[in-house]
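Data first, discussion second: the structure below is written as structure tokens.
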Amino acid sequence: MLNDLHEERETLTDPQFNAVSDRIVELLCMLAVGDDRPDAPGHLTEVEAVVRRHVREHAAEPGLTGTSMARALGWSLRQIQLALQRVGTTPRELIREERLRLVRDRLRCGECEHMTITDLAYASGFSSASALSTAFRQRFGVSPREMRAGGR
């Protein structure tokens with residue numbers, strides 16, 4: 001992990017570099033005190049909380065994936081998957097759900113009524129308006145246009 005951090009230091013943003021460095025220090029501290037169980041329930045609960053916060057803060061970024069999240073947070077993708085599996089979800093589902101919440105909130109917001117559905121889709125991390133519409137209808141039972149028309 002240290003070697004990877006050293007090799008990739010020029011490609012990481014400051015927050016990403018700091019997150020990985022913090023995780024390395026945390027792992028070293030765990031080893032120093034004899035806690036070598038990264039799968040401990042308390043640890044997975046912490047991973048889940050940090051992942052949820054990260055997804056909330058970065059949901060609108062189109063490149064947000066489980067892999068990019070793992071890289072940014074300094075955990076393995078498997079660790080993130082295990083933490084989310086405990087609560088019945090996956091990285092992909094969590095990201096989609098947060099993006100849908102973001103769109104729903106924007107559809108209900110008077111300040112966002114100037115935005116087209118396509119604008120909302122891209123501004124919320126969806127790859128297209130049709131991808132948004134399909135996911136939105138599956139989740140909420142109405143299209144984004146229908147929610148906008150009757151949701152305020």
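Values below: every heavy atom of this structure, side chains too, minus hydrogens, waters and symmetry copies. None of the values given here were measured: they were computed from a predicted structure.
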Shortest non-hydrogen contact from [X] toward [Y]:
X: Ala70; Y: Ser76; result: CB-C, 3.8 Å
X: Met147; Y: Arg104; result: SD-CG, 3.4 Å
X: His54; Y: Ala72; result: CE1-CB, 3.9 Å

4.5 Å side-chain heavy-atom contact, [X] and [Y]:
X: Ser133; Y: Pro144; result: yes
X: Ile117; Y: Leu107; result: yes
X: Gln79; Y: Leu82; result: no
X: Leu84; Y: Pro91; result: yes
X: Tyr122; Y: Leu132; result: no
X: Val47; Y: Arg86; result: no
X: His58; Y: Ile95; result: no

Nearest 0.5 Å, what's the [atom1]-[atom2] distance between [X] and [Y]?
X: Ile80; Y: Leu44; atom1: CD1; atom2: CG; answer: 11.0 Å
X: Arg96; Y: Phe126; atom1: CZ; atom2: CZ; answer: 8.0 Å
X: Thr90; Y: Gln81; atom1: OG1; atom2: CD; answer: 8.5 Å
X: Arg99; Y: Glu61; atom1: CZ; atom2: CD; answer: 8.5 Å
X: Arg145; Y: Phe136; atom1: CZ; atom2: CZ; answer: 12.0 Å
X: Leu100; Y: Asp105; atom1: CG; atom2: CG; answer: 11.0 Å

Handout entry: Exam field: side chain Thr11 to backbone Glu8, donor-acceptor pair closer than 3.5 Å
Key = yes
Problem - Under 3.5 Å: donor-acceptor pair, side chain of Ser68, backbone of Thr65 - result: yes
Problem - More than 12 heavy atoms from other groups under 6.0 Å of CZ on Arg101 - result: yes
Practice task
Could you tell me whether the side chains of Ser128 and Ser130 share a donor-acceptor contact shorter than 3.5 Å?
Solution key: yes
Exercise for the section: Inspect the contact between Glu111 and Arg106 and indicate whether a charged nitrogen and a carboxylate oxygen are less than 4.0 angstrom apart. Expected result: no
Practice task
State whether Arg52 and Glu98 are salt-bridged, where the test is any N-O pair (Lys NZ or Arg NE/NH1/NH2 against Asp/Glu carboxylate O) under 4.0 Å.
Solution key: no
Practice task
Carefully, step by step, assess Arg137 and Glu146 under the rule salt bridge (charged side-chain N to carboxylate O under 4.0 Å, His left out).
Solution key: CA-CA 10 Å; Arg137 184 175 292 280; Glu146 292 167 337; 3.7 Å; yes
Exercise for the section: Treat each ILVMFWY residue as a node, draw an edge where side-chain heavy atoms are under 4.5 Å apart, and state whether Met115 and Leu102 are in one component. Expected result: no
Exercise for the section: Could you state whether Leu77 and Trp75 fall into the same hydrophobic cluster, counting links through intermediate Ile, Leu, Val, Met, Phe, Trp or Tyr residues with side-chain heavy atoms under 4.5 angstrom apart? Expected result: no
Exercise for the section: Please lay out, stage by stage, how Met69 and Val50 fare under the test side chain to side chain contact (heavy atoms under 4.5 Å, CB included). Expected result: CA-CA 10 Å; Met69 207 179 343; Val50 171; over 6 Å; no
Practice task
Start with the C-alpha distance between Glu48 and Val51, add both sets of side-chain angles, then the distance that settles side chain to side chain contact (heavy atoms under 4.5 Å, CB included), and finish with yes or no.
Solution key: CA-CA 5 Å; Glu48 177 201 350; Val51 165; 5.7 Å; no
